[in-house]
There are 2 protein chains.
Amino acid sequence: MERVDSKLLKLLQEDASRTNADLAAEVGLSPSSCLRRIRRLKSAGVIDRVVALLNPAKAGRGMKAIVTVELERHGEQHMRRFLELAVMEPAVIQAYSVSGSTDAVLMLRLMDMDEFDTLCERLFRDRTNVARYYTMFVIRTAKETTAIPL
Amino acid sequence: MERVDSKLLKLLQEDASRTNADLAAEVGLSPSSCLRRIRRLKSAGVIDRVVALLNPAKAGRGMKAIVTVELERHGEQHMRRFLELAVMEPAVIQAYSVSGSTDAVLMLRLMDMDEFDTLCERLFRDRTNVARYYTMFVIRTAKETTAIPL
DNA sequence: ACCGGCTTGCAATATTATTGCACAAGACCG
DNA sequence: CGGTCTTGTGCAATAATATTGCAAGCCGGT
């Protein structure tokens, strides 16, 4: 990957709504050439997609929580089953299986505590094979970027 | 917020590269009206910005880790100082101060273990006021969305 | 130096976004 | 009820932007 591509990716990760001519000028290329590079990056899958990011508070989801989960019975089968459950929840925006003594980590986007409460009932109730879970509510967000460092 | 706006937001969170006419048709509005709604959402700050999402593996950052941090000395001052350090690291893509017995949580995007190693040296060394930290490496990503549920 | 593959810039063309304007839907008030 | 003010809408013209064909330039291999 060349220097120009990396520059383009960096810019597009910051703001993908800029015009092609604008980007072209910044990286020192002609608009057509610039566009072709971007298209190549897209079809190569380096650029996965372009999305709008909302302001969580203004979208009514100002509360965020991180939950670590330890399962009762471990193993591929049980892990998969739990993650399937978690993935179905709209409030779950990230769900990972992880190494270490905790089995899974969930990132939640919540409206309020009530939503958290009902979510817990659905995910961590008796039959869901969850031995214990630990919730950390986000107090301050110091950094939160979708940009992958280049 | 109306039904149409919420529909638009949902669509734009999935794919912000669609043409205005396309979106307009899907929500049953004329292109001009649709465009004005989107612009209103932007200037109201509901839509924060639009960005390109990269494929982490293809961008050379396939490794992901979640780190919980407990500080030696607690309190606003020390917390702020630690977060300032963390935020400066490009590999740190999310940094939160949280409630509970752990003080902060970091989300890392890494190239390899070497990078993790050197990062730890910088962030968790003696003088950084970190009492203990626990790292969970992401084994499987079951869900990872930037979309806020509406 | 020469060839082949790939990238570039330019200019023409096609798409798409944007704006002005007249009209329709409520909300509010006499 | 009728008036009127605010807000949103669709249409059509216009402006901005993306896209393509093509000739030329660059670069590595021989």
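Chain letters run A, B, ... following the sequence lines, proteins first and then strands; every chain starts at 1. The model shown is predicted, which means the values in this text are computed figures rather than measured ones.
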Distance in angstrom units between A/Arg37 CZ and C/dG9 C1', rounded:
13 Å
Please compare A/Arg18 and B/Arg40 by the position of their nearest nucleotide in DNA chain D and report the one closer to 5'.
B/Arg40
In whole angstroms, how far is the P atom of C/dT15 from the CG atom of A/Leu35?
15 Å
To the nearest angstrom, the CG-C1' distance between B/Asp22 and C/dA17 comes to 14 Å
Between C/dG9, D/dG10, C/dT7, spot the one nearest the side chain of A/Leu29, thanks.
C/dG9
I'd like to know if B/Arg61 and B/Glu115 make a salt bridge, using a cut-off of under 4.0 Å between side-chain N and carboxylate O.
yes
OP1 or OP2 of C/dT7 under 4.0 Å from side-chain N/O of A/Arg39
no
Interatomic distance, B/Glu2 CD vs D/dT7 C1' [rounded to whole Å]:
10 Å
Could you tell me whether A/Glu89 and B/Lys143 make a salt bridge, using a distance below 4.0 angstrom between a side-chain N and a carboxylate O?
no
Over how many whole Å does the gap from B/Ile38 atom CD1 to D/dG8 atom P extend?
15 Å
note: B/Leu12, atom CG; C/dA17, atom C1'; distance rounded to Å ~ 15 Å
Measure from CG on A/Asn20 to C1' on D/dT20 and round the result to the nearest Å.
13 Å
Produce the list of close N/O pairs, under 3.5 Å, pairing protein atoms with atoms of nucleotides 10-13 of chain C; give distances to one decimal.
unit_1 : atom_1 : unit_2  : atom_2 : d
C/dC10 : N4     : A/Ser32 : OG     : 3.0

So that I can tick it off, tell me whether A/Asp15 and B/Arg49 are bridged by a salt bridge, with the cut-off set at under 4.0 angstrom between side-chain N and carboxylate O.
no
B/Asn129 and side-chain hydrogen bond (donor to acceptor under 3.5 Å, both in side chains): which partner among B/Glu72, B/Arg73, B/His78?
B/Arg73
Indicate the ring-plane relationship of A/Tyr133 and A/Phe124, choosing parallel, tilted or perpendicular according to the 30° and 60° boundaries.
parallel
Between A/Glu144 and A/Arg109, is there a salt bridge with N-O shorter than 4.0 Å?
yes
